[in-house]
Structures are given as structure tokens and as C-alpha cells.
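Worth saying up front: this structure is predicted, and the values here are computed from it rather than measured. A note on names: the letters A, B, ... follow the listed sequences, proteins ahead of strands, and every chain is numbered from 1.
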Amino acid sequence: MLDKAYDAKKYEDAIYKRWEESDAFKANVDSDKPSFTISMPPPNATGTLHLGHAIMLALEDILIRHRRMKGYEALWLPGTDHAAIATQNKVEKILAEEGIDREQLGRESFLNRVREYVANSQDIIRNQVRKMGSSCDWSRERYTLDDDLNYAVNEVFSRMHKDGLIYRGHRIVNWCTRCGSTLADDEVEYVEVQAPFYYLKYGPVTIGTARPETKFADKVVIVHPDDKRYKKYIGKEMEIDWIDGKIKAKFIADAEAADMEMGSGAMTITPAHSFVDFDLAKKYKLEVLPIIDTEGKMLPIAGEFAGMDVLECREKLVKKLKKLGLLERVDENYSHNLSVCYRCNTPVEPLVSEQWFIDVNKKVKALGGKSIKERSVEVIKDGEIEIIPSRFDKIYFHWMENLRDWCISRQIWWGHRIPVWYKDGEIHVGHDAPKGQGWRQDDDTLDTWFSSALWTFSTLGWPKETPDFKKFHPTSVMETGYDILFFWVARMIIMTTYATGTIPFEKVYLHGLIRDKEGRKMSKSLGNGIDPIEMIDKFGADALRMSMVIGNTPGNDMRLYEEKIMGYRNFTNKLWNASRFVIGIFEEKGLPADRQGITKAPKPDLGKLTAADEWILGKLNTVISAADEALTGFRISEAGQLLYDFLWNDFCDWYLELSKGDKQNPAVLYHTLATTLKLLHPITPFVTEQIWAELPGTSGMLITEQYPEPIKGDFDAGSIGLVIELIGAIRRMRAENKIEPAQKIAVTLYGRKDLEGSKEDIMRLARVSELTWKDSGKKLSGAAADVVKDVQIFIPLEGLVDTEKEKARLQKEIEQLGKYIAGLSAKLANKNFVQNAPAAVVEAERQKLSEAEARMKQMKGQVGNL
RNA sequence: GGGCGCUUAGCUCAGUUGGUUAGAGCGACUGGUUUACACCCAGUAGGUCAUAGGUUCGACUCCUAUAGCGCCCACCA
């Protein structure tokens, strides 16, 4: 006998172990089934699992389990990401607590510390991924720093270099002075800050700046060619007073760069520390003089300020400018966007440096004569890859079309070493150092997204034409958060189309972010984060999965809180108890004979069907198709909702209640329960698997069962449908007339005497002591009265029923019904409607009208009867 | 500055290509140990689907404005 309440904690770990040890998660590369592949977005090999991972695991596991049961060779490939900067920062922080920095430790010792940290973290994550019930293929687990993945990285780098897509250049880059490294454009975040804004006198013009300390070497003034104020200066060079005495400044007119409306309409440019100015300097072949170094300190060009931090210099320089009479005024609370590092929030310093870049505009043969950008846009435009929801197409196009060359070299230690060696001005690019003495490998590492961009294929053995690669690539779905659409999804498309000539995945499913009850982002500092592992401990993994998946639609954020998870814990318990009840019946009455036939045959022998049997089988057939279609169409929430409703409202509230009489049909109970378990298995794998094990007569594990298909046959849902409505009406009448639940009542029904077989059911479920059922009869006075379809209901309770109140209630309903009928009649009287609407719609409206009119007639009759 | 999303019952959210008398869970209220479940059962109340126009026979659903909230991108000399 099952326990009275389902205790997830008692079963989940053991079930997972059984699944894993049975190799149920393992994909067979030699199978001739069609493949269905998901590459798990690799969690960072730092820290622990959070809700972002949890929702990703829940959604992917549901898809994988569904397709696996549907007969696909399903591969869900797990792994972890070395997360270059994030991991290095984390370990640096730990070291800082010990009072050490990485330079003290040296590169190799530092890397060993990181490896140690990562190994520990990976263990934690692996366990937590298991806790969620993830049915991923652990035999194929990968890590971005595995040797073969590193090989793939070097291979792609070499090929791109050979194709001229990767080049080394002296260009302006985003520089984080704390990380001591470059950042990609999208790794820069912006925070709004209030800061003083300075207006400086620069010869005959006024220039505005928030960063006076970058202005030491400004020697060019840009104005608009049509600007009357400055026309006379254009093309001229003049001597002006500046920070360290007189300098020569040149005036250039540029219609695109200068805006007459903005500020004074004139600006100086700082080529070495501004992206816009760098491009201008290139355009006009101007000198690029660095002012600030890679530690955020002033260079000798700053004279007396050399060696100072940027902020210190700013403060002191402003004083000097004031003294020199060059400071016109200061806006103390100017609000502007400060660019900061997305990993450590340190202000980003744009500066010029020699780095490796990927050229996004160069057309190459490997992409059919197209550029990276063009091909990456094309695969979405042509529908080779579908993004769900599709509104992200536009966002993707905008990003891709405006993409600038991607800076891929990082000056941190943790990551893939750039596969380039130097010797006396010679350069070698490849997998290994060339033979001979004196070659030195590039000190830098690659942007972490470079290797994760290869994830769908590097994990399958590429560049070797492995059986895995051939069978499982391109992958089927990339399911991930929309917040990494650019970082990762876009870059996978870029790199995969180039390296493999194929797309990385057919669909991109973007889930939203999980927020707290107030809609705030969950964060450590707010302390509002929900720990998935704690929730699993409390409510079970199934409940957590459901709570994240139902009511959640792609691309939209959702709020999560304990009460919600508790609600789905209640659902798992409901399922458990329904099963407990059914199993109890089998224990009492014996199992149906042909259980294999019952759970597998397209047309099982279910014995003689009662009206209730027909009803539930019809509902079951409908929910099978609907849930399957919903999951196939990635409408996961809808599938969950459908099954929730079916189990609770149809199966438990009605079918099981109707089965409490003498009319139990063990075959139908067995079939319906077994089928429901299968349908729910992708969503709530643990509880269904446990019940499957407890259900007598099953063999093997539920995870390996096939997804159900509707059974053959037409089932009459109408008869019990009407009985259900009658029971509902009687219950309502009882409640409205405040009849004590314990008090049994007598009921008289007129009409549909053919349903008399359900008399016992009505009596039991509506608490009726005496039921008189006739085809017709005379009116009853002193009774409560109602009507359902063509059945009149009377509860003759002299004294207990307030006849006037009853009349008023019926009158109110008649009034509403009248309005409804009027609306329908008007609609059908409208020629345009009848002409233009589809015939089926018109017919449906006619049907509604005639039903409403029939009911109206009955209602009126009932009023008269009172 | 450009773009996107959201606005549906007190709260959290569904609502597939326009055709339901607009749904769910939680909460509220009334009442219940009816041989699986109080992590339960029965019943009730509660919404002019943000606002204003428009298209259509018909709009929660499509279009245009407006407002509030949120997000993304760009950028400010």
C-alpha cells in the first residue's frame, strides 16, 4: 500500500540512480531512429545551481523525455563552461582573502588553484543537475577545456586565421582596468550616474566633457560645415592656450560627426580613448596618442599628473584649468551613462591596444562568398533556424547588422591559450608550437564565448567526422534564456555556420528570467533569491519543475514564490493519492487480465463500458492528442495545464468519484491511470516513475515507455456529461437553500429517463435519499426548481425552501438568458454575418440559440411550477 | 534617441492562426472527517480584457495613437 502522502524526498534520489544506472539517458549513435538533440547550455564551473539553471533544466528535460518516449533517439548532452573571466575573478577574490594576488602566485600555480576550484564546483553542479531529474547523457559530458574541445578551438582559430577572418590589429578596445583585460562590446554594461560636466575654453570655442583628464592631447576641433559660427576656422590651424601652454589646434568640418544643436556645436577629439573619435582619427589620418595606461593611470603625456589615477588626475586638473581660466562652468549633476565591466562593475576604459579580432564583414569562400554577418542574418531570414518567440528575430537582426569586429583576445590567464607562436617577427598559427628553439606562445587567452560558440559541435567530436557528429548535429533545439541571445546564441550561429557549414540548431527556444514575488530580479545582495535545491528538499523536484513551467511562456519573465511551488506539490500528492485509490481497488478486486494489451494496444479490450468509462476514455483521447501537440509545438505550459486539469478535474473529481459505486471497471481504471502517468512523465518524472513501480503488473521503468496514442473508438461523453451537470445543479440548489450537507433530500427529475442507470451516482454524489425519475409529470409546488438541458429538477422541501427566493433566482436567470438570446438573434438576423461568416460558425450560433430558447422555455415553465 | 515587451478577477498568470455568455491557481466568503487525498471535498462572490479611435458581419485577439510599468540597443562633444 502506498503511503498516505507522497514524500518526494523519500524517493527521488533512488529513482534517479535507477534511471542513470539503467543507461536510460544514454543515446545510441547506431540507432536508426531519427535523432533529437539538445546541447545543454553549460553552467559556469563556478558556484552552484540557481533558478536560471533550474528552469533551463526543467524545460529541456520535458522536451527530451517527450521526444524520447515518442520514439526519437534523444540526446541531451551535458557539460560545464570554464567561464574565463567569471571564474578567474572568483578565485582572485578567494586568494585576496588569503592576502595573495595572482602575480605573486605566478601563472602555473594560479591556474592550478583555479583547476582545483573548478573541479569542486563541477561536482556540486553535476549533483544539482541530477537533483532536478535531468535525463541527460552523462557518458557524453563535456567541459569547454577538455583536450578535444581545445583542439576544436585551435582548429577553428587556425582556419579563420587562414581565411583572413582572424587578424591582429592595433585598435581601440574596451578595457577593464581591474580585470586587466579587454572586453567584447557586449560585455560592457551601462549604469546611469550623476557626475560633474565641465565646459572648457578651447581657443575660440567651448567644449564640453565629463572626462577632462583625457583631453591633454586634443588637437583637432570638429565642427559642422554649415555652422556659421565656426565657418571661418574650418581648415585652419591656430595656436591656442591649453593645459601645458600653447598648442596648435586644427579645425575640421564633418557633417556627420558634428551636430550644431549639441552643446556649442564644436568638439575636440580624443582618438585613443573614445570609439567614435578613434574612427574619426582614422578617417582624417590623425595621430593617436594614448593618455591613460592599462592600469588606469596617467601616462607621461599628462605632465605633472603622470602616474595618477584617472579620478585623482581629474580632480587636480580641474583646479588647474580653473586657475588658467580655461574652465568656463561646471554642471554639477549631469547624468550620463558610465560604461562598466559586466563581470566586476569597474568603469571601462576605452584604449588602444594590439589585439586579435574576428572580421565580421570579410566575405569568405567557407560561407559561400558571404560574410559572417550576412550568413548569420540569412539563416534566420530563410527560416533555417526558427527563434521562439519570433519577435526576437528583429532584435537579433539589429544586433547582427550593427556588429563590429569582435575582439577575441583576453589578458587573463584562465582560458584557452591563443594558438599563436612568435619568433623574431615570425608568426605561427596552429595546434602546436613549431619545431625549433625560441618560439614563444601568445600570452593571451581567448574570449570565453569563442569556445562556447562551438559548443554544439565541439562536444560531438568535431573536427573529426565522428558518428556522433553525423548522427546528432545539427542539434534540434537550443533552449536558453533571452539574456544570452547575443553573447552565446548569436555567436554559435556565427561560428557554426563558418566551421561546419551547417546550422548549430533548428530552433531556438528562449525562456524568460525568473523574478521574485515583487517582480524584482533575484540577487544575492537583495537576499530575495530562491535556492532551487532548498525547494526540491521542501516540495520535490517535480513540484519545482511544474511551478516554473506552467503559466510561463517563452520570452516572458515570470515570478516565482513558495506558495506557487507548494500548489504543485499538492498536485503531485493528488496524483499519488488517486493512484493509491486505484491500486487499492486492484488489491481488493484483482487486476485486469490483459495489462500489456491495456497499456499498449491501439484498441485494448476494456470490457463492457459504462457511461462513465466512455466519458473518461473520450476525455483521455482528447488530452493525449492535445498534450502531444502542445509539446511538439513547444507550448510546454499548455501541455502542463491540460494534464493538470485532466488529472484533477476529470479523473479525480468525476471518474474516480463515479467509480466508488459498484460499477468499477478495473480495465478502464488501469488504462487511464497508466496512460496519465505516461503523459505526465516528461513533466513530473519522479512521482510518475515511483507510482509506475508501485502499480501492480507493470514491468520495466516508465522512462522507457512509449508516449501514448489515442485509442481507437468513438466514445459517448454526452450521457455522463449530462449527469455531471445534474449533480452540479442539485448541489448548487442545496447550497443556495442552505440545506445541511448531512441532510439527505428527495429529488424528482422529469425527462431523459434513459439515464436512469446513473441514478445511484446522482444519489451518492448529490446526497439524495430518494430519487424519483419520470419522463414527465405535473408541477410540484413548494419545491426548489431548476433545469438542465431537457431535464427538469425539483427538490420538494416543504418549509425548507423559500419559494419567493427561488422565484427571484429563476427570474434573474431568465433575464440574463433573455439578453443572451436577444444577442444571438440579432447576430443571426444580420445578413452580413450570415453571408460572411463561415458556415460552421453560423451553424454553431444557430445551435446555441435553439439550446438557449429551449432552456428559456423550461425555465419559464419552472417558474410557473413553483 | 531607436526598438521590444507587459497592462485580463484582490494577487500571480494562461488565452494556437479574430467567432467561448472571457479561464486557471492562490487568496476571500459559506459549509463539510461523504470507505485516495485537509497537500482534501462541495458551493459562492469577483473582470466595461489600461484608455481613445479604427478595420471587420464579428476584436482580449488585427491596425493607429495615448498613458503607466519593465527590458534591450545606441549615445550625449
Side-chain angles (χ1 to χ4, degrees), chain A residues 2 4-6 186 190 197 199 205-210 221-222 257-259 262-270 274-277 334-337 389 391-392 394-395 398-399 402 482-483 485-486 512-513 515 517 519 539 543 550-553 555-561 563-564 566-585 629-630 633 635 637-638 641 644-645 649 652-653 656-657 660 728 731-732 734-736 738 740-742 764-767 816-817 819-820 823-824 827 830-838 840-842 844-845 848 852:
Chain A
L2 271 60
K4 195 170 171 182
Y6 175 63
D186 48 349
Y190 294 89
F197 191 78
Y199 292 90
V205 300
T206 299
I207 57 168
T209 182
V221 183
I222 306 271
D259 180 352
M262 188 84 98
S264 65
M267 64 175 183
T268 61
I269 62 169
T270 310
S274 151
F275 279 80
V276 178
D277 294 1
Y334 184 81
S335 131
H336 72 134
N337 286 335
R391 64 183 148 86
F392 282 92
K394 234 173 138 176
I395 300 169
H398 181 262
W399 184 83
N402 290 289
Y482 66 75
D483 53 330
L485 177 63
F486 305 142
L513 276 33
R515 300 176 172 278
K517 201 172 184 177
F539 304 113
I550 293 184
N552 189 357
T553 43
N556 293 331
D557 294 353
M558 84 171 309
R559 302 180 190 201
L560 189 69
Y561 40 89
E563 297 94 300
K564 208 177 211 167
M566 198 185 345
Y568 293 105
R569 184 275 315 266
N570 295 352
F571 175 81
T572 57
N573 187 57
K574 187 77 182 173
L575 175 63
W576 179 260
N577 270 288
S579 309
R580 182 168 181 252
F581 176 67
V582 174
I583 291 169
I585 291 174
E629 277 167 31
R635 297 188 309 275
S637 167
E638 191 185 317
Q641 190 69 56
Y644 182 104
D645 290 343
N649 303 328
C652 292
D653 288 351
L656 290 188
E657 289 305 323
K660 281 179 181 172
R731 282 173 174 171
R732 213 170 305 123
R734 292 182 64 116
E736 274 165 13
K738 303 241 180 298
E740 292 294 313
R764 191 174 70 261
L765 297 177
R767 321 219 77 212
Q816 279 179 345
L817 197 56
K819 281 185 197 157
Y820 180 50
L824 285 171
K827 203 174 192 179
N830 183 342
K831 265 186 238 147
N832 287 324
F833 171 69
V834 180
Q835 272 169 22
N836 295 328
V841 172
V842 177
E845 296 298 298
K848 280 188 218 161

**Message:** Under 3.5 Å, is there any donor-acceptor pair linking the side chain of A:Lys660 to the base of B:A36?
**Reply:** yes

**Asked** Does a side-chain N or O from A:Arg732 land closer than 4.0 Å to OP1 or OP2 of B:A42, or not?
**Response** no

**Request:** Can you check whether any acceptor in the base of B:C75 is under 3.5 Å from a donor in the side chain of A:Asn337, or vice versa?
**Result:** yes

**Asked** Considering only heavy atoms and no angle criterion, is a donor-acceptor pair shorter than 3.5 Å present between the side chain of A:Arg569 and the base of B:C39?
**Response** yes

**Request:** Could you tell me which residues satisfy side chain to side chain donor-acceptor pair (under 3.5 Å) with A:Asn570, sequence neighbours excluded, listed by chain and number?
**Result:** none

**Complete:** For A:Asn577, the side chain to side chain contact (heavy atoms under 4.5 Å, CB included) test, sequence neighbours excluded, returns A:Asn573, A:Arg580

**Message:** Once side chain to side chain donor-acceptor pair (under 3.5 Å) is applied, do any residues pair with A:Tyr482, and if so which ones, sequence neighbours excluded?
**Reply:** A:Asp557

**Fill in**
Residues at least two apart in sequence or cross-chain that pass side chain to side chain contact (heavy atoms under 4.5 Å, CB included) with A:Phe581, listed by chain then number, are A:Ile585, A:Leu656, A:Lys660

**Item:** side-chain N/O A:Lys574 vs B:C41 OP1/OP2, d < 4.0 Å
**Value:** yes

**Request:** Sugar-phosphate atoms are those with a prime plus P, OP1 and OP2; base atoms are the rest. Using that split, label each nucleotide of nucleotides 16-27 of chain B B, S or - for protein heavy atoms under 4.0 Å, 5' to 3'.
**Result:** ---BSB--SS--

**Prompt:** Please give, in whole Å, the distance from B:C41 P to A:Asn577 CG?
**Reply:** 10 Å

**Request:** Take the protein atom CG of A:Leu656 and the nucleotide atom P of B:U34, then report the distance between them rounded to whole Å.
**Result:** 18 Å

**Complete:** Paired runs of 3 or more consecutive Watson-Crick or G-U pairs involving RNA chain B, with both pairing distances under 3.5 Å, are B:1-7 with B:67-73, B:10-13 with B:23-26, B:28-32 with B:40-44, B:50-54 with B:62-66

**Request:** Would you kindly give the CG-to-C1' distance between A:Leu485 and B:C73, to the nearest whole Å?
**Result:** 12 Å

**Interatomic distance, A:Phe392 CZ vs B:G5 P [rounded to whole Å]** = 9 Å

**Prompt:** Does B:A14 have OP1 or OP2 sitting under 4.0 Å from an N or O in the side chain of A:Thr553?
**Reply:** yes

**Prompt:** What orientation do A:Phe197 and A:Tyr199 show, parallel under 30°, tilted 30 to 60°, or perpendicular over 60°?
**Reply:** perpendicular

**Prompt:** Can you find a donor-acceptor pair, distance only, under 3.5 Å between A:Glu657 side chain and B:A42 base?
**Reply:** no

**Asked** Would you say A:Lys394 reaches B:G3's phosphate, i.e. side-chain N/O to OP1/OP2 under 4.0 Å?
**Response** no

